[in-house]
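For reference, the structure discussed in these notes is given below.
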Amino acid sequence: MSIHQEVARRRTFAIISHPDAGKTTLTEKLLMYAGAIHIAGSVKARKASRHATSDWMEIEKQRGISVASSVMQMEYRDCVINLLDTPGHQDFSEDTYRVLTAVDAALMVIDAANGVEAQTLRLLEVCRARNTPIVTFVNKMDREVQQPLDLLDEIERTLGMSTIPFTWPVGMGKRFYGVCDLRHDCMRVFQAGADRINENEETIAHFDDPALQQRFGSELSTALQEIDLIKGASPPFNQEEFLAGKQTPVFFGSAINNFGVREILDALVELAPPPESRHAIQREVVPDEKKFSGMVFKIQANMNPAHRDRIAFVRVCSGHFKRGMNLKVSRSGKDIRTSTVVSFLSQRRDILEEAYPGDIIGIPNHGTLQLGDTLTEGEVLQFTGLPFFAPEMFRTVEVADPLRSKQLKLGLAQLGEEGAIQVFRPHLGNMLLLGAVGVLQFEVVTHRLQHEYQVAARIAPAKYQLARWITADDPKELQRFIDANSHRIAYDAVDAPTFLASFGAELSVAQENWPAIRFHKLREHAGLVFQDHSDS
């Protein structure tokens, strides 16, 4: 196949949702329907012998939640699907934001009982900012949930996009009988599923068979009335509006029962876009260019704790990757060996021979690669859009056993490089500071230090409540500011100077007294390109 044909058959998407909407369960079932796994893992049961394929970290298995993004590649209907499962918990939103920069579409999972929840809304804002196409799956129809018309109305109001139902539910809870497929004018009958695919799914060709009314009662009559209503009120599906993030196709189902999953896979193959051009500071990069380029959007330490490994997740943006090819890090000019590059099925890794735009490849390295790095065959490029957010919570950290100080520094350096936590080195003093968006990040870091680095860390509240990265047009003026505020200055993982404040008034005073200094809420990537999210 030509590179153009390979690009055309790629689909790269992230699954996003509020916690407990069923995202990890749906991920498992998509893998199962695509033939990547044969039996779905138990997502919630803590004592179960199986765990979700996408939950590989020990703390995830204990808690039944996803706290790290994972990548899975599979083939379905002659398409190569790259599926990125993201953390649902808001404390890990930074990881999710960065994953959204690496995908071409998103699958939004909504709990039919709870509707659109806060974290979903936050993630959708990121998708909207990037005009990411969104497919919506309304999950848990086998429970007592909100009325489907009310759910559609809520999605439209809160997300600001038109909903186009592709399927429609017949009943809910114990009287959930199935869904009507509005494109193919048929009904798929619901059966409570297990952890394997039901090959004998019943499909009824027409809705107007009198026997159906007898079998499904008033639920079918109500569903047909609602279908007439939405056909009259909803605009027709428009592929261009969908690709611009202005329309979302909506599917109803129950992932735990394998119901509605195949329709989602089909929709992603038929509707989601193949890889598109990506913006670099120097130029626009087209996917079917001959030369390879890729961007590091995630780093994960200790996927295999026994080997103390560190994997850089790279989104292939252009060209044809071949194992053994020589790649250069644009930021540092260093060469990268690619003889041990891997592909993913969550924690399972296979040596990769080749990859194309849209694929996610894993490059083992020992600190050579940082989040936001661009890899090329020699051209200097820097892809844009990978965000780092100013922390909202701070903790001091010290080691319980002074003999383990070296291991603490190593562990924090690696966890900081992967973005699990932000580590700050104060301008004055030796005690490291941890910064996070959410409090659960501190708990995960403490757990990982203990289990992956054998370090018992003491974490205590710090006096700071906000941070801003600082820049200035005049380097001497920046240095003067650092010298005058040395007790409030720290440096992050890429040595970007940061101003720390105990309360908002301190920041306001600094801004007033130092008009030449810019204070930033967001740092874009390792190349220190700061966005316009400044307070000055």
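Nothing fancy with the numbering, it's 1 onward along the sequence. Since the structure is predicted, the reported quantities are computational estimates derived from the model, not experimental observations.
Of the possible polar contacts, one joining the Thr101 side chain to the Arg98 backbone as a donor-acceptor pair under 3.5 Å is found. Side-chain N or O atoms of Arg11 include one that pairs as donor or acceptor with a backbone N or O of Val269 at under 3.5 Å. Of the possible donor and acceptor atoms, one in the side chain of Tyr33 sits under 3.5 Å from a partner among the backbone N and O of Asn258. Side-chain atoms of Asn365 come within 3.5 Å of backbone atoms of Leu369 as a donor-acceptor pair (strictly under, hydrogens ignored). Thr167 contributes a side-chain N or O that, together with a main-chain N or O of Phe252, makes up a donor-acceptor pair within less than 3.5 Å. The main-chain N or O of Ile336 is never found under 3.5 Å from a side-chain atom of Lys328 such that the two would form a donor-acceptor pair. Distance alone, capped at 3.5 Å, is enough to place a donor-acceptor pair between the Arg315 side chain and the Ala102 backbone. Remark: the backbone N or O of Arg323 is not paired with any side-chain donor or acceptor of Thr338 at under 3.5 angstrom. A donor-acceptor pair is defined here as one N or O able to donate and one able to accept, closer than 3.5 Å; no such pair exists between the side chain of Lys322 and the backbone of Glu354. Between the side chain of Gln247 and the main chain of Ser162, no donor-acceptor pair closer than 3.5 Å is present.
Looking only at side-chain heavy atoms (C-beta outward), Lys290 and Ile3 stay at 4.5 Å or farther from each other. Counting heavy atoms from C-beta on, the side chains of Phe297 and Ile360 come closer than 4.5 Å. Val116 places a side-chain heavy atom less than 4.5 Å from the side chain of Ile110. Taking the side chain as every heavy atom from C-beta outward, Leu375 and Val329 approach each other to under 4.5 Å. Looking only at side-chain heavy atoms (C-beta outward), Phe137 and Val135 stay at 4.5 Å or farther from each other. By the 4.5 Å heavy-atom criterion applied to side chains, Thr248 and Phe242 are not counted as neighbours. Using a 4.5 Å cut-off on side-chain heavy atoms (C-beta onward), Arg331 and Thr374 make no contact. Taking 4.5 Å as the limit, some side-chain heavy atom of Pro165 sits within range of a side-chain heavy atom of Ser234.
The existence of a salt bridge linking Glu202 and Arg215 is confirmed by a sub-4.0 Å separation between a basic side-chain nitrogen and an acidic carboxylate oxygen. For the pair Arg283 and Glu379, the salt-bridge criterion is met [side-chain N within less than 4.0 Å of a carboxylate O]. The pair Lys246-Glu240 fails the salt-bridge criterion, with no side-chain N (NZ, NE, NH1 or NH2) lying under 4.0 Å from an Asp/Glu carboxylate O. Look at Arg77 and Asp266 and you find a salt bridge, because one of the NZ, NE, NH1 or NH2 atoms lies within 4.0 Å of a carboxylate O, short of that distance.
The shortest heavy-atom contact between Lys140 and Val145 is O-CG1, 3.3 Å. Scanning all heavy atoms of the two residues, the minimum distance from Val170 to Ala223 falls at CG2-CB, 4.0 Å. Of all non-hydrogen atoms in Val109 and Ser17, the two that sit nearest each other are O-CB, 3.2 Å. Of all heavy-atom pairs between Val138 and Ala112, the closest is CG1-CB, 3.5 Å. Between Ser254 and Asn139, the closest heavy-atom pair is CA-OD1, 3.5 Å. Between Pro169 and Phe176 the shortest heavy-atom distance is CB-CE1, 4.1 Å.
Taking Glu377 as the reference, Lys291, Phe292, Met325, Leu327 meet the side chain to side chain contact (heavy atoms under 4.5 Å, CB included) condition, with sequence neighbours excluded. Residues meeting the side chain to side chain contact (heavy atoms under 4.5 Å, CB included) test with Ser318, sequence neighbours left out: Val285, Glu289, Ser293. Residues passing the side chain to side chain donor-acceptor pair (under 3.5 Å) test with Glu276, sequence neighbours excluded: none. With sequence neighbours left out, Glu144 forms a side chain to side chain contact (heavy atoms under 4.5 Å, CB included) with Met172. Remark: Ser330 engages no residue in a side chain to side chain donor-acceptor pair (under 3.5 Å) (not counting sequence neighbours).
For CZ of Arg337, the number of neighbouring non-hydrogen atoms (other residues, nucleotides, ligands) closer than 6.0 Å is 12 at most. Environment of CZ in Arg9: crowded, with over 12 heavy atoms of neighbouring residues, nucleotides or ligands closer than 6.0 Å.
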Mind running side chain to side chain contact (heavy atoms under 4.5 Å, CB included) on Val342 and Thr340 for me, showing each step along the way? CA-CA 6 Å; Val342 295; Thr340 56; 5.9 Å; no
Arg188 vs Asp181, test: side chain to side chain contact (heavy atoms under 4.5 Å, CB included). Steps then yes/no. CA-CA 7 Å; Arg188 275 186 278 283; Asp181 185 325; 2.7 Å; yes
CA sep, side-chain torsions, deciding dist, call: Ile15, Leu30, side chain to side chain contact (heavy atoms under 4.5 Å, CB included): CA-CA 11 Å; Ile15 302 192; Leu30 290 169; 3.7 Å; yes
Side chain to side chain contact (heavy atoms under 4.5 Å, CB included) between Phe166 and Thr136, intermediate numbers included: CA-CA 10 Å; Phe166 276 45; Thr136 300; over 6 Å; no
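Atom-to-atom distance recorded for Asn82:CG and Asp359:CG is 4.5 Å, nearest 0.5 angstrom. Here the CD1-CE distance, from Ile81 to Met74, works out to 5.0 Å after rounding to the nearest 0.5 Å. Note that CD of Gln73 is 11.5 Å distant from CG of Leu31, once rounded to the nearest 0.5 Å. Taken from CD1 in Ile16 to CG in Leu100, the straight-line distance is 6.0 Å, to the nearest 0.5 Å. Atom CG of Leu151 is separated from atom CD of Gln146 by 4.5 Å, given to the nearest 0.5 angstrom. Here the straight-line distance linking atom CG of Asp111 with atom CE of Met141 works out to 10.5 Å at 0.5 Å rounding.
Judged purely by distance below 3.5 Å, without hydrogens or angles, the side chains of Glu156 and Thr163 pair a donor atom with an acceptor atom. A donor and an acceptor atom, one from each side chain of Gln191 and Asn257, are nowhere located under 3.5 Å apart.
Relative orientation of the Phe190 and Phe259 rings is perpendicular, given thresholds of 30° and 60° on the angle between their planes. The aromatic rings of His320 and Tyr356 lie parallel to each other, with less than 30° between the two planes, well short of the 60° mark.
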Listed pairs under 3.5 Å, donor-acceptor, residues 226-233 side chains, sequence neighbours left out:
from, atom 1, to, atom 2, distance (Å)
Glu226, OE1, Trp168, NE1, 2.8

